[in-house]
Amino acid sequence: MTIQLGDVAPDFTAQTTEGEIKFHDWLGDSWGILFSHPKDFTPVCTTELGEVAKLKGEFDKRNTKVIGLSVDSVEDHEKWKGDIEETQGEGLNFPLIGDKNKEVATLYGMIHPNSLDSLTVRSVFIVGPDKKVKLTITYPASTGRNFQEILRVLDSLQLTAGFSVSTPVNWKDGDDVIIAPALSDDEANVKFPKGFKTLKPYLRLTPQPNK
Ligand code: BEZ
């Protein structure tokens, strides 16, 4: 199944390292990040899970719950936990789904057989509080993800959900943002009292409105 932006994130019930989870109920009113990794006891995955654990406070600040998945069992996840803590300096502090029967992986199209046989690739889904998919990214097994980029996109998604703006190339939290071209200058003056710079009629920059 191909999941597209704007689709409702498929709901599921799964066993995790923190017990059984019904995905939509578990998300509640939060944002969510569901990400898969290919396999337990593998090097890149070990570094990724340690990094996500270190960033837990950053996800919490953004009202975002994270949950990982591989097509290994919860028992394997439990055995692997110690290695993550020992080598990465941070233990798992978020749930990992055990998906031995590939049910969630299949539902989310996380298995790309021409790339990685029957294992999950490195998929990322960001889900909004409305349960709709806001972002999908797929990385190959050989490339560990940059979770700072995922935080950056989350900042952009949360900002643009609340204001009539979009974020330019390489934007990061605190930088100027782009006023929606649909707004007239008069409307922009009301909505963005800090003012704006007009580079072209369709390209107007304003200080980040929620700072
Ligand atoms: C890794 O996490 O290092 C890995 C997992 C599966 C295939 C290749 C690399």
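No hydrogens, no waters, no symmetry mates; every other heavy atom, side chains included, goes into these values. Whatever order the structure lists ligands and atoms in, that order sets their numbers, starting from 1.
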Could you tell me whether Ser142 and ligand 1 have an N or O pair separated by under 3.5 Å?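 Min N/O separation from ligand 1 is not below 3.5 Å for Ser142.
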Side chain or backbone, does Leu116 bring an N or O within less than 3.5 Å of an N or O on ligand 1? no
Of the choices Gly144, Pro43, Pro38, Ser70, which has the non-hydrogen atom that lies closest to atom 6 (C) of ligand 1?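 Minimum heavy-atom distance to atom 6 (C) of ligand 1 goes to Pro38.
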Using a strict cut-off of less than 4.0 Å between a Lys/Arg side-chain nitrogen and an Asp/Glu carboxylate oxygen, indicate whether [X] and [Y] qualify as a salt bridge.
| X | Y | result |
| --- | --- | --- |
| Arg62 | Asp155 | yes |
| Asp185 | Arg204 | yes |
| Arg122 | Glu48 | yes |

Going by the angle between their ring planes, with limits at 30° and 60°, are Trp80 and His37 parallel, tilted or perpendicular?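 Because their plane-to-plane angle lies in the 30° to 60° range, the rings of Trp80 and His37 count as tilted.
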Classify the ring geometry of Phe12 against Phe23: parallel below 30°, tilted from 30° to 60°, perpendicular beyond 60°.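 Because their plane-to-plane angle is under 30°, the rings of Phe12 and Phe23 count as parallel.
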In ligand 1, which numbered atoms sit nearer than 4.0 Å to a non-hydrogen atom of Val44?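 Matching atoms, with element in brackets: 1 (C), 2 (O), 3 (O).
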Ligand-residue contact atoms, ligand 1 with Cys45, heavy atoms, under 4.0 Å: 1 (C), 2 (O)
Distance-only side-chain donor-acceptor flag, Ser156 / Thr167, under 3.5 Å: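 Distance-only check passes for Ser156 and Thr167.
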Closest protein heavy atom (residue, atom, distance) for atom 7 (C) of ligand 1: Ala141 CB, 3.6 Å
for atom 4 (C) of ligand 1, nearest protein heavy atom and its distance come out as Arg122 NH2, 3.6 Å
